[in-house]
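One structure is given below, encoded as structure tokens.
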Number of protein chains: 2
Amino acid sequence: MRFKALDLNLLVALDVLLDEQSVTRAAERLNVSQPAMSAALSRLREYFGEPLFVLHGKRMIPTAAALRMQLPLKELLQDVDVLVTETTHFDPATSDRRFRIATSDFLLAVVFPALAQRLHKIAPGITMDCIQPSELTTQLMDQGELDLFITPEQQVSPDHPAELLFEERYVVVGWAGNPMFSGGKITEEDFFRAGHVVVEIGRQARTSFAETHLRTSNQERRIEMKVSSFLIAPEMVVNTMKLTVMHQRLARLFANRLEIAIAEVPFDFPAMREMIQYHQTRVNDTGLRWLIDEIKQLG
Amino acid sequence: MRFKALDLNLLVALDVLLDEQSVTRAAERLNVSQPAMSAALSRLREYFGEPLFVLHGKRMIPTAAALRMQLPLKELLQDVDVLVTETTHFDPATSDRRFRIATSDFLLAVVFPALAQRLHKIAPGITMDCIQPSELTTQLMDQGELDLFITPEQQVSPDHPAELLFEERYVVVGWAGNPMFSGGKITEEDFFRAGHVVVEIGRQARTSFAETHLRTSNQERRIEMKVSSFLIAPEMVVNTMKLTVMHQRLARLFANRLEIAIAEVPFDFPAMREMIQYHQTRVNDTGLRWLIDEIKQLG
DNA sequence: CAAATCCAGTGCTTTGAAACGCATCGCTAA
DNA sequence: TTAGCGATGCGTTTCAAAGCACTGGATTTG
């Protein structure tokens, strides 16, 4: 029952070895002991009649033959993944699948609590790994290391399918005691006179959708504070005269907890289109489809 | 050390099951007992949460999900094959590889005995499966079921690399007692007056290179006999006035055994270009390269 | 209609590959 | 020198998978 006398499972060992270039770390990643991993490597060596890795100082240097396999092997395992997850019958109630999702803390705050609650009921076995989007996200997506990428339309990768999750309007948020908000709305003049709190994520100064848009407008604002999370910004305006522009849903969420006032943006401001994106090869992944639809229902 | 909790070796079982649509036959093909195969199937079922095959009378009917996997799975295993044989270090002295070769009995007779002899010395573990070329050969090649296809230039598949093995001239062969050959050569007039033995292989009347060429010439011959093997034709001319056009090397081989005379074709006749062809994905297969070079040396 | 066949699935036992823990050795780099 | 890492040895353990014998359903045959 072997394929050409090769235990195909050894290929996953080889893949991880090529990634880690270390027997010990590969062993850790696969949850086996170091000797077990070493044995797997020696089986691979025997099969291929090739050292595959040579010890050089503390590093395991892959041989040319091993390196040649790296990419095709990754693709191969990716293909297996696709083949297998596509046909695996997905039953939310019993599945113990782990989804890896890249999403902003804005979404984490406004839709994921409800999602978690719902999944707890209808899919208790399912777990989610949420990571912050960064410059590497698209790369992760390409490698199939990511199941879902939820992001404003501007950031979607052109190589993968994307669907509209929802449209989100922006509002101006300030302290409830700020006289600017006395009429229930604020003026454009007030807006640009006030100090602002803006959100910038990551070292690369990935500005949020709202920021990007505001900067392209010709008016100048005084940015008094930059924070790295959408969830912090509203905290910063309380008891000050500062303003911040944020997602309407998030503002409403905080309205219950903080002494904040909400007003419409006093000039034309586009809505943000939040997209949900998945790997191109996962079109037929029923489990993923299910999750997307769940998220959409809550979006 | 598993890939997503799946024993990858089960995929080969699934592949064979899809091919055979029978647990028993699949078991035979993989040299395991029928219950072992049945157990493998049930493991697959459990993993996919899918029946995969349903028993209907005596047949195992694959479900839609199983059918969807058939092709991708085949391709996948083909990829594994390529990946693995490319990097497997090939040592003729110890290799026990089996090569599958499609070639005419002409070549079998003139180069393979010497090849077999040589391999016996330098590569005792290697075995060769030689099959007759037919309409299905190209298909076999496409599916990667064939390592080498040796054939006249006219029959090579455009989809795969082909290299020139040798050029082969044709000669006229007749009985040694045939007066036509008295001068060491025969005349064009004699040639067309005589009765001929021609070779046609397969039911589809796949004519040999020489036949195809002769037919396009405007002169008529009297075909007194058709045989299905290049090796039989010379036998048929002995003690008769019949002629046959055949490969020079083969004629020389038979000259030692039969009472035959050899003469040049008494008119312009092109040489045949014998090509050796292998699957496009096997360009880097060192073992195959080695065998090709061995054959070329003897060609 | 009964008998014979065929074939997938099941229960039980056996086995063997591989993992583990632990120790050790040899090597290299800091 | 010390620390880190890979390979190796050894006895133990484990558990998946194989084999064998059998069941039961369905089809074909006499």
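Each chain gets a letter, A, B and so on, in the order the sequences are listed, and its residues count up from 1.
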**Prompt:** When you look at Arg289(A) and Asp285(A), which way does the salt bridge (charged side-chain N to carboxylate O under 4.0 Å, His left out) test go after all the steps?
**Reply:** CA-CA 6 Å; Arg289(A) 186 70 251 167; Asp285(A) 184 332; over 6 Å; no
What nucleotide among [options] has an atom nearest to a side-chain atom of [X]?
X	options	answer
Ala36(A)	dA8(C), dG19(D), dC20(C)	dC20(C)
Gln34(B)	dC20(C), dA18(C), dG9(C)	dG9(C)
Val23(A)	dA7(D), dG9(C), dT8(D)	dA7(D)
Val32(B)	dA7(D), dA19(C), dG19(D)	dG19(D)
Ser33(A)	dC22(C), dC20(C), dA17(D)	dC20(C)

Taking [atom1] from [X] and [atom2] from [N], how many angstroms apart are they, rounded to a whole number?
X	N	atom1	atom2	answer
Leu10(B)	dA17(D)	CG	C1'	10 Å
Met60(B)	dG9(C)	CE	C1'	9 Å
Arg25(A)	dG4(D)	CZ	P	14 Å
Asn9(A)	dA17(D)	CG	P	9 Å
Leu41(A)	dA18(C)	CG	P	14 Å
Ile61(A)	dA29(C)	CD1	C1'	14 Å
Glu46(B)	dA17(D)	CD	C1'	14 Å
Leu17(B)	dG9(C)	CG	C1'	14 Å

**Prompt:** Taking for each residue the nucleotide of DNA chain C with the nearest heavy atom, is it Pro35(A) or Asp7(A) whose nucleotide lies nearer the 5' end?
**Reply:**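 It is Asp7(A), whose closest nucleotide lies nearer the 5' terminus.
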Any side-chain N or O of [X] below 4.0 angstrom from OP1/OP2 of [N]?
X	N	value
Arg45(B)	dA8(C)	no
Ser22(B)	dA8(C)	yes
Ser38(B)	dA8(C)	no
Arg43(B)	dA17(D)	yes

**Message:** Below 30° counts as parallel, above 60° as perpendicular, anything between as tilted: where do the rings of Phe106(B) and Phe230(B) land?
**Reply:**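 Because their plane-to-plane angle is over 60°, the rings of Phe106(B) and Phe230(B) count as perpendicular.
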**Prompt:** Using the ring of each side chain (for Trp, its six-membered ring), is Phe99(A) parallel, tilted or perpendicular to Phe90(A), with breaks at 30° and 60°?
**Reply:**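 Geometry flag for Phe90(A) against Phe99(A): perpendicular rings.
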**Message:** Surrounding NE2 of His89(A) (heavy atoms of other residues, nucleotides or ligands, distance under 6.0 Å), is the total greater than 12?
**Reply:** no
**Request:** Could you give me the CA-CA distance, side-chain angles and deciding distance for Ile295(B) and Leu148(B), then say whether side-chain contact (heavy atoms from CB on, under 4.5 Å) is met?
**Result:** CA-CA 11 Å; Ile295(B) 296 176; Leu148(B) 287 178; 3.9 Å; yes
**Asked** Ser42(B) near the nucleic acid: base, sugar-phosphate alone, or nothing, with a heavy-atom cut-off under 4.0 Å?
**Response** nothing
